Amino acid sequence: RVYALCPDTGQLTTLVERPFQIGHVQCSTTDPDLIMYCHETGGASPQRMWLMRLSEGVSRPLFPLPGHPWVTHETFTGDGQRIVFIRNPEGMAVIRPDNSELTEIDLPRAWHPGPNRDGSLVVFDSHDGYVGLWSAATGRAHLLVTEELGPGAPHLHPCFLPDDRTVVWTASGNGRPHPAIARGVGA
């Protein structure tokens, strides 16, 4: 289930009830009527991503491609106009909430995407311990840093700060997790 919590009364209201484990619940950054959640499986699922307009009370599939090997790590862009996600093993993809304008990005090692406000830049990490940056303007990616992941350490999960020029992530290549920062990214 997905619940709404009233901060004044503590009352819970059920928003979504599904016959599967729900994960990665997110509210649109600009549309208070739109939420996204996923069918959490720890691997491939029959339909991973779902959107719901609260005013309609109906869940709809996002990126409905039956049989796709593995879709994961979905996140809204800061302006709420797009959703960036991983198509494992191919790379990333960007799509609008109405399932239009799908852009597939060939980045086979990308794992956790972190888009800037309008999705024109996306930072991402890999299981290999690097942080990369993809640009919509060029359609290309380049490395920002390598060797940022220590054995058994947390994922890097890079993301942009609200200035859209600073990226932060959890580095652990030196043996212990600590915050890492790159300034002037995409400038």
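Bear in mind the structure is a predicted one, so any value in this text is a computation, not a measurement.
Tracing side-chain contacts under 4.5 Å through hydrophobic residues (I, L, V, M, F, W, Y), one never reaches Met49 starting from Val25; they form parts of separate clusters. Note on Leu102: it clusters hydrophobically with Leu62, by side-chain heavy-atom contacts below 4.5 Å among ILVMFWY residues. Tyr37 and Ile83 fall into different hydrophobic clusters, where Ile, Leu, Val, Met, Phe, Trp and Tyr are joined by side-chain heavy atoms under 4.5 Å apart, directly or via other members. Under the 4.5 Å side-chain heavy-atom criterion for ILVMFWY residues, a single connected hydrophobic cluster contains both Phe20 and Met52. Trp70 is connected to Met92 through a chain of hydrophobic side-chain contacts under 4.5 Å among Ile, Leu, Val, Met, Phe, Trp and Tyr, so both are in one cluster.
Distance SG/Cys38 to CD/Gln26: 9.0 Å, rounded to 0.5 Å. The CD atom of Glu74 sits 12.0 Å away from atom CZ of Phe63, with the distance rounded to the nearest 0.5 Å. Here Gln81 contributes atom CD and Asp98 contributes atom CG; the two are 10.0 Å apart, rounded to the nearest 0.5 Å. Note that the CZ atom of Arg48 and the OG1 atom of Thr41 stand 6.5 Å from one another [nearest 0.5 Å]. Rounding to the nearest 0.5 angstrom, the gap separating the CZ atom in Arg82 from the OG1 atom in Thr103 is 8.0 Å. From Asp106, atom CG reaches atom CH2 of Trp134 across 12.0 Å, with rounding to the nearest 0.5 Å.
When atom types are taken as modelled, the side chain of Asp164 and the backbone of Arg117 share a donor-acceptor pair closer than 3.5 angstrom. Between the side chain of Thr29 and the backbone N or O of Gly78 there is at least one donor-acceptor pair closer than 3.5 Å. Under the 3.5 Å distance criterion, the side-chain polar atoms of Thr14 are left unmatched by any main-chain donor or acceptor of Tyr3. The closest donor-acceptor contact from the side chain of Thr170 to the backbone of Pro177 lies at 3.5 Å or more, if one exists at all.
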Residue pair Val94, Phe85: steps toward the side-chain contact (heavy atoms from CB on, under 4.5 Å) verdict:
CA-CA 6 Å; Val94 181; Phe85 60 97; over 6 Å; no

Worked check of side-chain contact (heavy atoms from CB on, under 4.5 Å) between Thr166 and Ile181:
CA-CA 7 Å; Thr166 306; Ile181 298 171; 3.6 Å; yes

Determine, stepwise, if the pair Leu133 / Leu121 fulfils side-chain contact (heavy atoms from CB on, under 4.5 Å).
CA-CA 7 Å; Leu133 176 70; Leu121 297 171; 4.0 Å; yes

Report the C-alpha separation of Val122 and Ile105 in whole Å, then their side-chain angles, then the decisive distance to 0.1 Å, and conclude whether the side-chain contact (heavy atoms from CB on, under 4.5 Å) test is met.
CA-CA 11 Å; Val122 180; Ile105 305 159; 5.8 Å; no

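Taking both residues in full, the closest heavy atoms of Ala110 and Phe124 are given as CB-CD1, 3.6 Å, listed atom of the first, atom of the second, then distance.
Within the 4.5 Å cutoff, no side-chain heavy atoms of Glu90 are placed close to those of Pro108. When side chains are defined from C-beta on, Val167 does not count as touching Cys159, because their heavy atoms never get closer than 4.5 Å. Residues Leu54 and Leu15 meet the side-chain proximity criterion, which asks for heavy atoms closer than 4.5 Å. At least one side-chain heavy atom of Phe160 sits less than 4.5 Å from a side-chain heavy atom of Val185. Side-chain contact between Val71 and Ile86: absent, with no pair of heavy atoms (C-beta onward) separated by less than 4.5 Å. Taking the side chain as every heavy atom from C-beta outward, Thr13 and Cys6 never approach each other to under 4.5 Å. Glu40 is not listed as a side-chain neighbour of Ile22, based on a closest heavy-atom distance of 4.5 Å or more. Contact annotation: the side chain of Pro64 approaches that of Gln47 to within less than 4.5 Å [non-hydrogen atoms, C-beta and beyond].
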What pairs of donor and acceptor atoms, side-chain ones from residues 136-149 against any protein atom, are under 3.5 angstrom apart with sequence neighbours left out?
from, atom 1, to, atom 2, distance (Å)
Thr138, OG1, Arg140, N, 3.1
Glu148, OE1, Trp169, NE1, 2.6

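For the pair Arg18 and Trp50, the cation-pi criterion (under 6.0 Å, within 45° of the ring axis) is fulfilled.
For Asp31, the salt bridge (charged side-chain N to carboxylate O under 4.0 Å, His left out) test picks out Arg53, with sequence neighbours left out. Every residue two or more places apart in sequence or in another chain was checked for a side-chain hydrogen bond (donor to acceptor under 3.5 Å, both in side chains) with Gln11, and none qualifies.
The only member of Asn88, Asp128, Asp125 that meets side-chain hydrogen bond (donor to acceptor under 3.5 Å, both in side chains) when paired with Arg109 is Asp128.
Note on ring orientation: taking the six-membered ring where Trp is involved, the planes of Trp111 and His73 are perpendicular (angle over 60°, cut-offs 30° and 60°). A tilted orientation is assigned to the rings of His112 and His157, their planes being inclined by 30° to 60°.
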